[in-house]
> 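First, the structure itself, so that you have it in front of you.
Bear in mind the structure is a predicted one, so any value in this text is a computation, not a measurement.
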Amino acid sequence: MCGIVGIVSSSPVNQELYEALTVLQHRGQDAAGIVTYDNGRFYLRKDQGLVRDVFETSHMLNLPGNMGIGHVRYPTAGCLSPSEAQPFYVNSPYGIALGHNGNLTNAEQLKQELFLQDQRHINTDSDSEVLLNVFAHELQRLGKLRLDVNDVFDAVAEVHRRCRGAYAVVAIITGFGILGFRDPFGIRPLVIGRRESSRGEEYMLASESVALDVLGFDLLRDLHPGEAVFIEKNGRLHSRLCASSTIHSPCIFEFVYFARPDSILDKISVHKARLRMGEKLAEKILRLRPNHDIDVVIPIPDTSRTAAMELASRLKVKYREGFIKNRYIGRTFIMPGQKLRQQSVRRKLNPIDLEFRGKNVLLVDDSIVRGTTSKQIIQMAREAGAKKVYFASASPPVRYPYVYGIDMPAAGELIAHGRSEEEVQSLLGADWLIYQDLADLIEAVRRGNPKIERFETSCFSGDYVTGDITEEYLERLRFLRSSASKSQAKTYSRWIDLISV
């Protein structure tokens, strides 16, 4: 999962791109980057780290120009090295920089095609660089010295023809403008906003609407599946549906965990969707145990708060904040490596003993993935004096790896894979485990936009909407995403850095 942003303005955009990336920081904590355009040149700054650490005053001064794009990276596979940071850049044709959120499921095939047929070299393990080179090649095939908007849209149509998987993209073309497009399934989110200035209209593309809000842009709409929009440097907006067939299938896990609650994606309020998740979960608890003995509902901060509050209200049970969070520790779900995740849980959360002592506590989390964090939190609740510890997940069991841009691990690392809910309950050490039903989750999200007929739910259902996921692909992904593989890759990267000094 990554966060992307693009702005065409009548004034310098460096500070606004920075601010947008800080708002989207929850979507990626591994690396950050900004590219701006000014007077015939690109200016680039990117590196590993949080936005606040990557960009210092000197870097900001060296990012001039009234249009640019930005990216925050969360790695899904491959080395965790500065070379993987985005945006990526190619100088031919024209000069193009690109940032990508998602995952190409046919990246290996495309790499071979790019080398053997298109004579293009890929220098990293990132599928985003692959996507950039596919787009650049399709533009180059036109053989034109000067582009027009239809040329850009034609190239995007060829990207849709060649690329499979999930992708929301922002790109900047030297001297011409900023492009945004979304895959034919609309799996990853991308919104566009507009702002009036004394010099005319200004436009912004972003992964989530909250980034528009903080910069004073009005949300126009979400990009449609398979749609591309192009904003010329003078602020003129163009759009075209570039995919031959589309099936709107947004990722439901955006609403469960990744998106900020103050965002609106595909016309659905994330906050209200999570309220309805709590409502549905409460209905299930009352159905299964109408005479429950829950004394207090306590959320696992922060993502589950909204669902937990509504759940407590429906159960007519006290809602309490029982864990204090250290906000200077990253999101444990997206931390690279199991050891880091295990170490960070107790450093990140500290229980308030008074809220647990002698009570039957219902802990609420947005999801259970590996189960490592959940197990530790349940143990912490017991150590704080809880009499009984129940655990509720606002989403169904995560049983299958996710392939569209979220680093859900190999099936064998998922605690619910191949296990019943009772077995998972025993492994976690909970007195009772309650999962959301998939049908209820879909209903909770869809109620915000009944026009969406299908959601991407593969991590819960095993149904991959793109229809091209094979066992061989999953096996290769298992190797790339295994904690051991990532640890080896990181060690190798550090070794290279040392011998290069």
> Working to the nearest 0.5 angstrom, can you tell me the gap between Phe185 CZ and Phe455 CZ?
15.5 Å
> Run the numbers on Leu349 and Thr373 for side-chain contact (heavy atoms from CB on, under 4.5 Å), then give the verdict.
CA-CA 10 Å; Leu349 296 177; Thr373 300; 5.6 Å; no
> Would you name the heavy atoms of Glu310 and Leu275 that are closest together and state the gap between them?
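Closest approach of Glu310 to Leu275, heavy atoms only: CG-O, 3.2 Å.
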> Between the side chain of Asn350 and the main-chain N/O of Ile324, is any donor-acceptor distance below 3.5 Å?
no
> Would Arg73 and Asp30 pass as an ion pair if we require N to O under 4.0 Å?
yes
> Asp468 and Thr105: side-chain donor and acceptor closer than 3.5 Å?
yes
> Could you pull out all residues at least two apart from Arg446 that satisfy salt bridge (charged side-chain N to carboxylate O under 4.0 Å, His left out)?
none
> Sequence neighbours excluded, which residues qualify as salt bridge (charged side-chain N to carboxylate O under 4.0 Å, His left out) partners of Arg447?
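Here the qualifying residues are Glu279, Glu443.
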> Any non-hydrogen side-chain atom of Leu441 less than 4.5 Å from a side-chain atom of Met277?
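Sidechains of Met277 and Leu441: in contact.
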> Could you tell me if Asp293 and Tyr390 have a donor-acceptor pair between their side chains, going purely by distance under 3.5 Å?
yes
> If only atom types and distance count, is the side chain of Arg188 paired as donor or acceptor with the main-chain N or O of Tyr404 below 3.5 Å?
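Indeed, once roles are kept as given, a pair shorter than 3.5 Å links the two residues.
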> Which pair of heavy atoms, one from Val170 and one from Gly70, lies closest together, and at what distance?
CG2-O, 4.5 Å
> Give the intermediate values and the outcome of side-chain contact (heavy atoms from CB on, under 4.5 Å) for residues Phe258 and Phe253.
CA-CA 7 Å; Phe258 262 102; Phe253 211 75; 4.1 Å; yes
> Looking at Asp213 and Arg260, is there a salt bridge between them, counting it only when a charged N and a carboxylate O are closer than 4.0 Å?
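Salt bridge flag = no for Asp213 with Arg260.
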> Given Glu321 and Arg305, is the salt bridge (Lys or Arg N to Asp or Glu O under 4.0 Å) satisfied, shown in steps?
CA-CA 9 Å; Glu321 292 287 338; Arg305 276 199 179 100; 2.8 Å; yes
> Are the side chain of Arg274 and the backbone of Phe255 linked by a donor-acceptor contact shorter than 3.5 Å?
yes
> If you look at every heavy atom in Lys325 and Asp302, which pair is closest and at what distance?
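Reported closest heavy-atom pair: NZ-OD2, 2.9 Å.
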> Of all residues at least two apart in sequence or in a different chain, which pass the ring-ring contact (aromatic ring centres under 6.0 Å, His included) check with Tyr167?
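Checked Tyr167 against ring-ring contact (aromatic ring centres under 6.0 Å, His included); matches are His160.
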> Using the test salt bridge (charged side-chain N to carboxylate O under 4.0 Å, His left out), find all partners of Asp266 that sit at least two apart in sequence or belong to another chain.
Arg182
> Using side-chain hydrogen bond (donor to acceptor under 3.5 Å, both in side chains), reason through Ser395 and Gln436 one step at a time and then give a plain yes or no.
CA-CA 5 Å; Ser395 62; Gln436 185 86 265; over 6 Å; no
> I'd like to check the salt bridge (charged side-chain N to carboxylate O under 4.0 Å, His left out) partners of Glu383; sequence neighbours left out, ordered by chain and number.
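Expected list: Arg346.
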> Just by distance, with hydrogens left out, do Glu456 and Ser458 show a side-chain donor and acceptor under 3.5 Å apart?
yes
> What are the two closest non-hydrogen atoms of Leu104 and Cys163, and how far apart are they?
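What the structure gives for the nearest pair is CD2-CB, 4.1 Å.
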> Decide side-chain contact (heavy atoms from CB on, under 4.5 Å) for Arg27 and Glu208; before the verdict, give the C-alpha distance in whole Å, the side-chain angles of both, and the deciding distance to 0.1 Å.
CA-CA 10 Å; Arg27 301 186 67 87; Glu208 296 185 31; 2.7 Å; yes
> Who are the side chain to side chain donor-acceptor pair (under 3.5 Å) partners of Arg195, not counting sequence neighbours?
Glu16, Glu202
> Please determine whether the number of non-hydrogen atoms from other residues, nucleotides or ligands lying under 6.0 Å from atom NZ of Lys272 exceeds 12.
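No, the 6.0 Å shell around NZ holds no more than 12 heavy atoms from other groups.
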> Tell me whether His59 contacts the main-chain N or O of Glu56 through its side chain, where contact means a donor paired with an acceptor under 3.5 Å.
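Pair found, side chain donor or acceptor close to backbone of Glu56.
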> Compare every heavy atom of Leu315 with every heavy atom of Ala282, then report the nearest pair and how far apart it is.
O-CD2, 3.9 Å
> Would you check if the distance from the ring center of Phe356 to the ring center of Phe323 is below 6.0 Å?
yes
> When you measure from the side chain of Thr124 to the backbone N and O of Ser126, does any donor-acceptor pair fall under 3.5 Å?
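It does hold such a pair.
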> How about Gln86 and Asn101: do any of their side-chain heavy atoms sit closer than 4.5 Å?
no
> Is it the case that the side chain of Glu84 and the backbone of Asp125 share a donor-acceptor pair, with hydrogens and angles ignored and the cut-off at 3.5 Å?
yes
> Please determine whether side-chain contact (heavy atoms from CB on, under 4.5 Å) holds for the pair Leu474 and Tyr464, giving the CA-CA distance in whole Å, both sets of side-chain angles, and the decisive distance to 0.1 Å.
CA-CA 11 Å; Leu474 293 175; Tyr464 296 96; 4.0 Å; yes
> Distance under 6.0 Å and angle within 45° of the ring axis: does Lys46 meet both against Phe88?
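Yes.
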> State, with a plain yes or no, whether a side-chain heavy atom of Asp295 is found less than 4.5 Å away from one of Val361.
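No, side chains not in contact.
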> Would a distance-only check, ignoring hydrogens and angles, find a side-chain to backbone donor-acceptor pair under 3.5 Å from Thr22 to Glu19?
yes
> Please check if the side chain of Asp365 supplies one atom and the backbone of Ser393 the other of a donor-acceptor pair under 3.5 Å.
no
